[in-house]
Amino acid sequence: MPPTDSDAERAAAWAAARQDLDGLPGGGLNIAHEALDRHVRAGAGARIALHCVAADAPPETLTYGELTTRAARFAAVLDRLGVGRGEVVCSLLGRSPALFTVALGTVRAGAVFCPLFQVFGPDPIRTRVNRAEASVVVTTRALYERKLAALLADTPSVRFVLIAEDTTDAVADAGAVRVLALDCALGQASPDRPVTATRPEDPALLFFTSGTTGAPKGALHVHEAAVGQHATARAVLGLAAGERYWCTADPGWVTGTVYGIFAPLLAGATIIADREEFDAQRWATLLAAERIAVWYTAPTALRLLMRAEAGGGLTWPDALADLRVAASVGEPLGAAGVAWGRDRLGVAIRETWWQTETGAIMIHHPGDAAVPDGAMGRPIGGIQATVLAVGEDNRPVGGAAVGETGMLALKLPWPSLFRTYIGDEARYRACFHDGWYLTGDLARCDEAGVFWFIGRADDAIKSAGHLIGPFEVESCLLDHPAVGEVCVVGRPDPLIGLAVEAHIVVQAGYHADGELRRALLALARRRLGPAVAPRRIVFASALPKTGSGKILRRAVASSIRERADGPAGLPPR
Ligand code: ATP
Ligand code: MG
């Protein structure tokens, strides 16, 4: 596959993108300066940065000027506590003004911001806090009392806990850990605390991966990532100054922080943040009521909306006149999802592909007819992607032919690429091969240079000598109106290694019966051919998911290995 541009051209593209940012004197760079102070200095201090809505409370609105002051105060709080550059501040917070204050203030101070998923139980919190060697955890009183307080004896690096959204200072210290009220501390801190003169290569953000394929990894990012965050916010999401933007991802994951906090502020947009969890009707109403222009969401949520709609329990506003761009990330959306968006939202939902490690969107569907529905799309400007043929151990053995499935790889370097997996340098090094970053995802590239997602290398099913990507099978089945959710895995089979098995949650209004099973098998065989089509269909009431809502194929696969129910119902082939 011929490269679309040369190393020199890509370097020039990133150098130009860097010029869109201020930088700090002497070649410094600080993400918080670029996200906040830069706009205030340019006279946009009165523009709304954050409009935070809730079901039972009035909205809270902060301008760019107000958020800059809050971030400065939080940086001053860290100074006062003696938390220095490079130390890690974890948040265990939902979308709230406090979250934005902490994220931006931490980075402003040259410390490292590490978001945690507030729905985590004590064990995942303890593991991540310890792996991050966090000095500070910021959370709410309820989460502190329910989850954190009991852990602090086992998190030796933590020196301070800050309690957000609580007006009293009456919090007892926990052993050696000082527990303080965030608002009191902010009130006493200087609003003029300047931005720390960080270098582009100084660490800024630490994200744990979703853990879809194994134990989560802690990917460390540097201030230079601002270049990629800003460029993609503009080029892929189409964000511009004052644009009303809603990112539905939880801030505990990379999307919810990079595209929920930093990237939109870098682009000068107005963030609409919803404090509530998913609710189909609330979301449909909010899109119109908040006049959302750019919406970044995920297939899990879109599928739930489709299901609520199919079940007749959802009323859409008359028109979504302001919506210009809808984009999706995290799992494949599939052609059916794109078509639904066109009908229902009036815009084609744009697929975007990236990972915690890549730090920003790398491949996207431009939302026009030049790229077929259901494709992942093309690399963004400044990125070269390829598909490498891999051997049994998933290591590259050369380039893949056009249309051939292999490992998706990205040519080094680019600004937002992670700089290490904390505590696992060997694993980090294993991600690279001969000038390429190996994504761990399988893809193919067609003759037009369009990339198609096939699956994760770890999820690939080797069946009777074929390498089958579960997603290809899943997207075919999703085209049947009865299929709400689907997960395709390999069932150990003495003859063919792994037999393709589809676990399906049936859409409301359809019956999970033999007739439907036969119809689905026939559809898959016709479209995919007998070698790739599932041999067995299992109807399920729900599928296991990660905290970020991704279907956990490995959990389904291991439940098969644990069950001893044999190949009952295996259809003849
Ligand atoms: P872990 O690395 O711990 O197994 P994870 O890979 O799910 O977890 P993330 O970095 O949050 O953690 O997710 C990135 C992965 O999500 C990608 O490697 C890819 O497999 C999947 N993904 C993201 N966007 C898309 C997309 N548009 N289409 C298909 N898959 C996607
Ligand atoms: Mg991953």
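It should be emphasised that the depicted structure is a prediction, and the values quoted were computed from it without experimental measurement. Ligands are counted one by one from 1 in listed order, and the atoms in each one are counted from 1 as well.
Residue contacts with ligand 1, taken as heavy atom pairs separated by less than 4.0 Å, involve Q355 via backbone and side-chain atoms alike. Contacts with ligand 1 closer than 4.0 Å are made by no heavy atom of W253, backbone or side chain.
W452 and D446 are linked by a side-chain donor-acceptor pair at a separation below 3.5 angstrom, with hydrogens and angles left out of the test. Side-chain N/O atoms of Y428 and E357 include no donor and acceptor closer than 3.5 Å.
The nearest heavy-atom contact from the protein to atom 4 (O) of ligand 1 is T213 OG1, 2.4 Å. The protein atom (non-hydrogen) at minimum distance from atom 16 (O) of ligand 1 is K550 NZ, 2.9 Å. Closest to atom 5 (P) of ligand 1 among all protein heavy atoms lies T212 OG1, 3.5 Å. Closest to atom 25 (C) of ligand 1, if we only count protein heavy atoms, is W353 CD1, 3.5 Å. Annotation: atom 10 (O) of ligand 1 to nearest protein heavy atom, T356 OG1, 2.6 Å. Of the protein's non-hydrogen atoms, G330 O, 3.2 Å is the one closest to atom 21 (C) of ligand 1. The protein heavy-atom contact nearest to atom 29 (C) of ligand 1 is P332 N, 3.3 Å. Among all protein heavy atoms, the one lying closest to atom 12 (O) of ligand 1 is S210 N, 3.2 Å.
Under the 4.0 Å criterion applied to side-chain N and carboxylate O atoms, E243 and R234 are not assigned as salt-bridge partners. Ion pairing between a basic and an acidic side chain is recognised when a charged N comes within 4.0 Å of a carboxylate O; R344 and E309 show such pairing. For E224 and R419, the salt-bridge test fails: no basic side-chain N is under 4.0 Å from an acidic carboxylate O. Residues D373 and R342 are paired through a salt bridge, judged by an N-O separation under 4.0 Å between the basic side chain and the carboxylate. Ion pairing of R527 with D479 is present here, as a side-chain N (NZ or NE/NH1/NH2) and a carboxylate O approach within less than 4.0 Å. By the 4.0 Å N-to-carboxylate-O rule, E501 lies close enough to R536 to be salt-bridged with it.
At least one donor-acceptor pair closer than 3.5 Å links the side chain of T439 to the backbone N or O of L408.
Contact atoms of ligand 1 toward V329: 24 (N) (distance under 4.0 Å to a heavy atom of the residue).
The heavy atom nearest to atom 15 (C) of ligand 1, out of those in R456, R554, K217, is found in R456. Comparing L333, T352, D441 by heavy-atom distance to atom 19 (C) of ligand 1, the nearest is D441.
Look at W354 and you'll find a heavy atom under 4.0 Å from some atom of ligand 1.
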